[in-house]
Trainee: 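Before I ask anything, here is the structure I am working with.
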Amino acid sequence: MTAMWKGSGAKPPLAARINPRWSDEEIPRNVVADLAMRPRLHPHIITFANEKGGVGKSTLAFHVAVALAHVGQQVVAVDLDRRQRTLERGLTYREGTANNLGIRLPTPQFAVLEQPSTASLFQTINRLGGDADFVILDAAGSDSAIFRRAVALADTLVTPVNASFLDLELLGHLNPVSGVPERAGCFGQTVASLREERLTQEMGPIEWIVVKNRVRSAEKRHISRVDDALERLSIAHDFRIGQGLTERVAFRELFQFGLTHLDLGLIPDMIRPHESSRKEIASLLDDLNLSFDKRVHTSVSNRPAARVLRRTRQDFRAAISNAL
Ligand SMILES: Nc1ncnc2c1ncn2[C@@H]1O[C@H](COP(=O)(O)OP(=O)(O)O)[C@@H](O)[C@H]1O
Ligand SMILES: [Mg+2]
C-alpha cells in the first residue's frame, strides 16, 4: 500500500516523522485506514497480543475460545503465528481427542492465517464464520504489519504479562525510585497510536485488558510490587487489569489433548474436574467483560459422536487422567 500522504502535499503523519524506519504498511494511520475501507466485520473481535513471546497469548486465547464455545457462543479462532501454530495445534488435538473418546466437545471454527495480509485475514474470518459471535485472533510475539492490523481490529485487546518488570517495560517505563510512569514502552506506544487512529477514523474504542499470567503464590512480595506497578501503568496507559491464570502444570499438560478443565465434566467416567482451575478460567472470561447471553448453555457441534473402540476410549481417558 502506498503511504496516503505521499505526494499529496499534506504534512506526513506524526508517526512517520517520529519513526522513519516504519514501512508504509506499519504507519498507524495507514494500518487503520486499510481496515476502515473494508466491509465491517460483525463479530466482536478479541485479539491476544504482546510484542513478547512466551507470555501465554496462545494459552489464554485457547482457554477463552473454548470457554466462549462452552457457553454456546459461535467462535472463530485465527492463529496469526504461522511458525508456531500453537492455537491451531491445540484445536486440532481437541478434535482428535473428541474423536478418540467418541464425544462431542464445543469447539471454535479455526485456521492459521497462511498469508499475512489484511485481505487474507478478512477472507479467513468470513470463510470460517462472518456471522459468528466472537473472533479470537492469536498474534505472534513480534511487531509486523499484520500484528498491527490484529491489534487495530480488536474490540477487546488482551495482553498477557508475566509478573516481571521486564514484561511491564514493553507497556511503559516506571521510575524505579519514585514509581512514577515516565514513558510508554514499545508495545504501549503501538497500542496508543492505533487507538488514537481508530478514534479519528470513527472505528470505536479498543478496550485494553492486561492479564497477569503464570502467577506463582510463592512470590507474594514480588507480585505485590508488580501489582502496584501495573496499577500505575493502567492509569497512565488506560487499560484494565485481569487476574489471568496461575502457574499450573495441568494447563500445559492438557494442551496435548486440546482440553481445558471446562471439558473434563463432558468426558464420561473422568475424575472430577479441578474446581479451582475451572473457576480461574471462568473468572478469566468474566474479567474480559464481554456481553453475550449468559443463559445459553453448552452447545455442541452437529457432528455425530464417532464410534470408537472401548479400548481406545479407555487408553485416552487414562492418559488424560495422568496429565492432571
Ligand atoms: N498459566 C500457565 N501455567 C503453566 N504454564 C503456562 C501457563 N500459561 C502459559 N504456560 C506455558 O508457557 C509457555 C508459553 O505459553 P504460550 O501460550 O505459548 O505463550 P505465547 O503464545 O505468548 O508465546 C508454554 O510452555 C505454555 O504451556
Ligand atoms: Mg503463541
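Counting convention: from 1, in listed order, for ligands and their atoms alike.
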Trainee: Are any of the side-chain heavy atoms of F251 and N213 separated by less than 4.5 Å?
Mentor: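 Of all side-chain heavy-atom pairs linking N213 with F251, none is under 4.5 Å.
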Trainee: Could you work out, for atom 20 (P) of ligand 1, the closest of A250, A139, P160, G54 by heavy-atom distance?
Mentor: G54
Trainee: Within a reach of under 6.0 Å around CD of E182, are more than 12 heavy atoms found that belong to other residues, nucleotides or ligands?
Mentor: yes
Trainee: Regarding ligand 1, does V249 bring an N or O atom to under 3.5 Å of one of the ligand's N or O atoms?
Mentor: no
Trainee: Could you identify the single nearest non-hydrogen protein atom to atom 22 (O) of ligand 1 and state the distance to 0.1 Å?
Mentor: K57 NZ, 2.7 Å
Trainee: Determine, considering heavy atoms only, which of T246, T59, L245 sits nearest to atom 2 (C) of ligand 1.
Mentor: T246
Trainee: Are any of the side-chain nitrogens in R94 or D263 under 4.0 Å away from the carboxylate oxygens of its partner?
Mentor: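 Between D263 and R94 there is a salt bridge, with a charged N closer than 4.0 Å to a carboxylate O.
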Trainee: Does CD in E114 sit with more than 12 non-hydrogen atoms of other residues, nucleotides or ligands closer than 6.0 Å?
Mentor: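 Above 12, so yes.
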Trainee: So which heavy atom in the protein is nearest atom 18 (O) of ligand 1, and how far is it from that ligand atom?
Mentor: S58 CB, 4.3 Å
Trainee: Applying a strict 4.0 Å limit to heavy atoms, is N50 in contact with ligand 1?
Mentor: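 No, N50 has no heavy atoms under 4.0 Å from ligand 1.
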Trainee: What residue and atom, counting heavy atoms only, is the protein's closest point to atom 7 (C) of ligand 1, and at what distance?
Mentor: R214 CG, 3.5 Å
Trainee: What heavy-atom pair brings F134 and S291 nearest, and what distance separates the two atoms?
Mentor: CZ-O, 4.1 Å
Trainee: Got the closest protein heavy atom to atom 8 (N) of ligand 1, with its distance?
Mentor: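 Result for atom 8 (N) of ligand 1: N213 ND2, 3.0 Å.
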Trainee: Does the side chain of K52 reach to within under 4.5 Å of the side chain of F187, using non-hydrogen atoms?
Mentor: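 When only atoms from C-beta onward are counted, F187 and K52 do not touch, as no gap falls below 4.5 Å.
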Trainee: Over all heavy atoms of both residues, which pair between T86 and D79 is shortest? Give the atoms and the distance, please.
Mentor: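 Minimum heavy-atom separation between T86 and D79: N-OD2, 3.2 Å.
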Trainee: Considering only heavy atoms from C-beta outward, does the side chain of L266 approach that of H70 to under 4.5 Å?
Mentor: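 L266 reaches H70 side chain to side chain.
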Trainee: Does the side chain to side chain contact (heavy atoms under 4.5 Å, CB included) test come out yes or no for I281 and L245, once each step is laid out?
Mentor: CA-CA 7 Å; I281 302 167; L245 303 179; 4.3 Å; yes
Trainee: Are any of the protein's heavy atoms under 4.0 angstrom from atom 24 (C) of ligand 1, yes or no?
Mentor: no
Trainee: Heavy-atom distance to atom 27 (O) of ligand 1: which of E247, E280, R252 wins?
Mentor: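 Result: the heavy atom closest to atom 27 (O) of ligand 1 is in R252.
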Trainee: Ligand 1 and F251, any nitrogen or oxygen pair closer than 3.5 angstrom?
Mentor: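 Between F251 and ligand 1, no N or O pair is found under 3.5 Å apart.
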Trainee: Among protein heavy atoms, which sits nearest to atom 3 (N) of ligand 1, and what does the distance come to when rounded to 0.1 Å?
Mentor: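 Answer, as residue, atom name and distance: R248 N, 3.1 Å.
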Trainee: Ion pair present between E253 and R248, side-chain N to carboxylate O less than 4.0 angstrom?
Mentor: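 Salt bridge: no.
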Trainee: Below 4.0 Å from ligand 1: does a non-hydrogen atom of G141 turn up there or not?
Mentor: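 No.
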Trainee: For atom 19 (O) of ligand 1, find the nearest protein heavy atom and state the residue, atom name and distance (0.1 Å precision).
Mentor: G56 N, 3.0 Å
Trainee: Purely on distance, is any nitrogen or oxygen of D138 under 3.5 Å from one on ligand 1?
Mentor: no
Trainee: Within a strict 4.5 Å, meaning less than it, do heavy atoms of the L91 and E95 side chains meet?
Mentor: no
Trainee: Between V55 and ligand 1, does any nitrogen or oxygen pair lie at a separation below 3.5 Å?
Mentor: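 In this structure, V55 places an N or O atom under 3.5 Å from an N or O of ligand 1.
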Trainee: Is there an N/O/S atom in S58 that lies less than 2.8 Å from the Mg ion (ligand 2)?
Mentor: yes
